[in-house]
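One structure is given here, and the rest of the page talks about it.
Below, chain A is the first sequence line, B the second, and so on; all start at residue 1. Everything quoted here is computed from the prediction, not taken from an experiment.
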Number of protein chains: 2
Amino acid sequence: MSTRAEETPTQLSAASLQVACAKCGLHDVCLPVGLNDAEVERLDALVVKRQPVERGACLFRAGDRFEALYAVRTGFFKTRTTCEDGREHVTGFQMVGELLGLDGVGTDVHTCDAVALEDAQVCVIPFEKLEDLSREFPGLQHQVHKIMGREIVRDQGVMVLLGSMRAQARVASFLLDLARRLEMRGLSSSALVLRMTRQEIGTFLGLKLETVSRCFSKLQADGLLAVRQRRIQILDPAALRALLSVHPLQAADRALHP
Amino acid sequence: MSTRAEETPTQLSAASLQVACAKCGLHDVCLPVGLNDAEVERLDALVVKRQPVERGACLFRAGDRFEALYAVRTGFFKTRTTCEDGREHVTGFQMVGELLGLDGVGTDVHTCDAVALEDAQVCVIPFEKLEDLSREFPGLQHQVHKIMGREIVRDQGVMVLLGSMRAQARVASFLLDLARRLEMRGLSSSALVLRMTRQEIGTFLGLKLETVSRCFSKLQADGLLAVRQRRIQILDPAALRALLSVHPLQAADRALHP
DNA sequence: CGAGTTTTTGACGGTTTTCAAGGGCGGTGG
DNA sequence: CCACCGCCCTTGAAAACCGTCAAAAACTCG
């Protein structure tokens, strides 16, 4: 496992796969959102290559030179940073239509690994060419900025989660986020099939895998979820949402008289 | 407190303050890094306004329309998000030469408050004009991308801190980060004067203020710091750094035989 | 079908939070 | 100038939460 994607000659014809943002089903959730036809056409000229990534393989690794962004076309990824000492921390999960690689923009070097959690396919977007094109098209330029800006906001949301929520609220938040993203893609927002292990969820949420498992069990016992291994059904989304604002951590009162 | 900056008519002549990135002492740590003379000159034409912000006032607030980035010229800020229920979570501290406002790029609306922790002054950089100019100058465009990219990497570093470090390691990391940033500005990296309260450090690090205080006391008792209220002296930076890789959390072994 | 991984569950211990009280510092007003 | 007051910081003790260790069950893949 963890063989580099480029090293797996599974589909030598990868580069010849036809790409066309204009006709792609992800048109509404991917990079071209909000672009006009002329702009999408130019973007198509730029995104000439699709690349398959086997389950368990890395699309890129920390330390790799940054050259392109990748749009997930099929499959599911995690990004992780490996600390000097071998610990792994998952910084995010990316599904169909989401972008990978923004971590490399700042320093021209990737700072995390992108690992496929199932067989996947990505569209390769050479970043220099994207910069060139976005100087021509204000709409594309704005879209690039928006995508980076949304990533910043997303990261700050995770910071709040990690910094101020209890285990159960973190798990609830994680599931609701996943459900929301699936719904945006027209998929079921109540019947989830997790693509990642408890361990991976745990290092993403700043919890141990046992704690994640216990939270699932507790939420099931309370009737909010039906859990069968990686198949999770959200039975009571409203109650899950209510858990988010329960914060044994950080009391906000005491503004009234001492 | 918390009066909006624009509402404080302390210095009506604010807009008339001369701005010149070319001659600014922050030239080496601020937005113009790496730009050539012509580019800096054009940037000067864009950054026409400085704005004072009183201690305790908000430069912008969550919900405000996003229109500009702000470069801290003097003073010290925190950015915070206030959850629906009134809890506050600090997402970062910004010092001289650092940018504020990137949180608004994604949605055209600010998602956090920027509060001055001491009397401050910022350079206002209208974002639309910055976009216009960066279409002309690839160097500036690249710089804008790099700044956003670095923010993403920084946020992911905070995620790792919050998700996998113990209280003491978080505090050590916080101090070392502060020291590093001061050093980059030619200031002492060993004698720090904190501009924020223990409470604010706590909500940034995902800890209670008492825990932060206890960590300071412990680090002082161990001879790594000298703590006198907000005056903190780093006595043993190497030992502080060593604390970062101590992780009672997340055992990395077990790769060897079961 | 069997080996290995993943998940669940239990008991225990450690870290951090919670609750509470006291002290220091700076600002305001007498 | 000094006293008072509010805010910030420190410290202690008890409790809650989560991590650690361990074992067994369930699932997956070869």
Side-chain angles (χ1 to χ4, degrees), chain A residues 1-2 54-56 87 117-119 161-171 193-203 205-221 225-232 243 246-258, chain B residues 1-2 55-56 78 87 117-118 161-172 193-203 205-221 225-232 243 246-258:
Chain A
M1 67 165 187
S2 273
E54 281 189 340
R55 177 172 178 211
R87 269 177 316 162
L117 295 182
E118 54 185 23
D119 289 345
L161 180 148
L162 292 173
S164 71
M165 285 184 184
R166 285 291 158 85
Q168 195 162 288
R170 293 186 202 186
V171 171
V193 179
L194 303 181
R195 296 286 138 79
M196 69 294 279
T197 66
R198 304 288 193 257
Q199 160 84 24
E200 288 162 336
I201 298 173
T203 73
L205 296 178
L207 302 171
K208 306 267 59 172
L209 67 96
E210 294 95 329
T211 305
V212 175
S213 177
R214 270 187 256 270
C215 285
F216 280 143
S217 300
K218 177 71 164 58
L219 291 173
Q220 177 166 239
L225 297 179
V227 181
R228 236 183 46 231
Q229 300 290 132
R230 299 203 183 175
R231 248 178 291 279
I232 293 196
L243 281 181
V246 175
H247 32 261
L249 223 58
Q250 312 262 25
D253 15 54
R254 195 151 329 198
L256 320 172
H257 64 136
Chain B
M1 68 166 185
S2 275
R55 177 172 179 211
K78 70 173 173 183
R87 267 178 319 163
L117 295 182
E118 55 184 22
L161 179 148
L162 292 172
S164 71
M165 285 185 185
R166 285 290 164 80
Q168 195 162 293
R170 294 186 201 185
V171 171
V193 179
L194 303 182
R195 297 287 138 81
M196 68 294 279
T197 66
R198 303 288 194 259
Q199 161 85 22
E200 289 162 335
I201 298 172
T203 72
L205 296 179
L207 302 171
K208 306 265 59 172
L209 66 95
E210 295 95 329
T211 306
V212 174
S213 177
R214 271 186 255 271
C215 284
F216 279 144
S217 300
K218 177 72 164 58
L219 291 173
Q220 176 167 239
L225 298 181
V227 182
R228 238 183 42 231
Q229 301 290 131
R230 298 202 182 175
R231 245 179 292 280
I232 294 197
L243 282 181
V246 176
H247 33 262
L249 222 58
Q250 313 261 25
D253 14 55
R254 194 149 329 199
L256 321 170
H257 64 136

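- A/T211 places none of its side-chain heavy atoms less than 4.5 Å from the side chain of A/L205.
- Listed by chain and number, the residues in a side chain to side chain donor-acceptor pair (under 3.5 Å) with B/Q229 amount to none (sequence neighbours excluded).
- Every residue two or more places apart in sequence or in another chain that forms a side chain to side chain donor-acceptor pair (under 3.5 Å) with B/E118 is listed here: B/R195.
- For A/E200, the salt bridge (Lys or Arg N to Asp or Glu O under 4.0 Å) partners two or more places apart in sequence, or in a different chain, are A/K78.
- Distance B/L117 CG to D/dC7 P: 17 Å, rounded to the nearest Å.
- Note that the two end axes of the helix from C/dC1-D/dG30 to C/dG30-D/dC1 enclose an angle of 50°, each drawn from 5 base pairs, rounded to 10 degrees.
- The CG atom of A/D119 sits 8.0 Å away from atom CZ of A/R55, with the distance rounded to the nearest 0.5 Å.
- Taking CZ of A/F216 as the start and CG of A/L194 as the end, the distance is 5.5 Å to the nearest 0.5 Å.
- Taking atom CG of B/L162 as the reference point, atom C1' of D/dC18 lies 16 Å away to the nearest angstrom.
- A/E210 pairs by the side chain to side chain contact (heavy atoms under 4.5 Å, CB included) definition with A/K208, A/R214, not counting sequence neighbours.
- Protein atom NZ of B/K208 is 13 Å distant from nucleotide atom C1' of D/dA16, rounded to whole Å.
- Rounded to an integer number of Å, the gap from CD1 of B/I201 to P of D/dC8 is 13 Å.
- Atoms CZ (B/R55) and C1' (C/dG27) sit 11 Å apart, rounded to a whole Å.
- B/E200 places its CD atom 12 Å from the C1' atom of D/dC7, with the value rounded to the nearest Å.
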How does each nucleotide of nucleotides 8-14 of chain C score, in 5' to 3' order, for protein heavy atoms under 4.0 Å: base (B), sugar-phosphate only (S), or none (-)?
-> BBBB---
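- Using a distance-only test at 3.5 Å, with no hydrogens or angles considered, no donor-acceptor pair links the side chain of B/S213 to the main chain of B/L209.
- Counting to the nearest Å, the C1' atom of D/dT11 and the CD atom of B/Q220 are 13 Å from each other.
- What separates CG of A/L207 from P of D/dT20 is a distance of 11 Å, to the nearest Å.
- Using modelled atom types, one side-chain atom of A/R170 and one backbone atom of A/M165 make a donor-acceptor pair closer than 3.5 Å.
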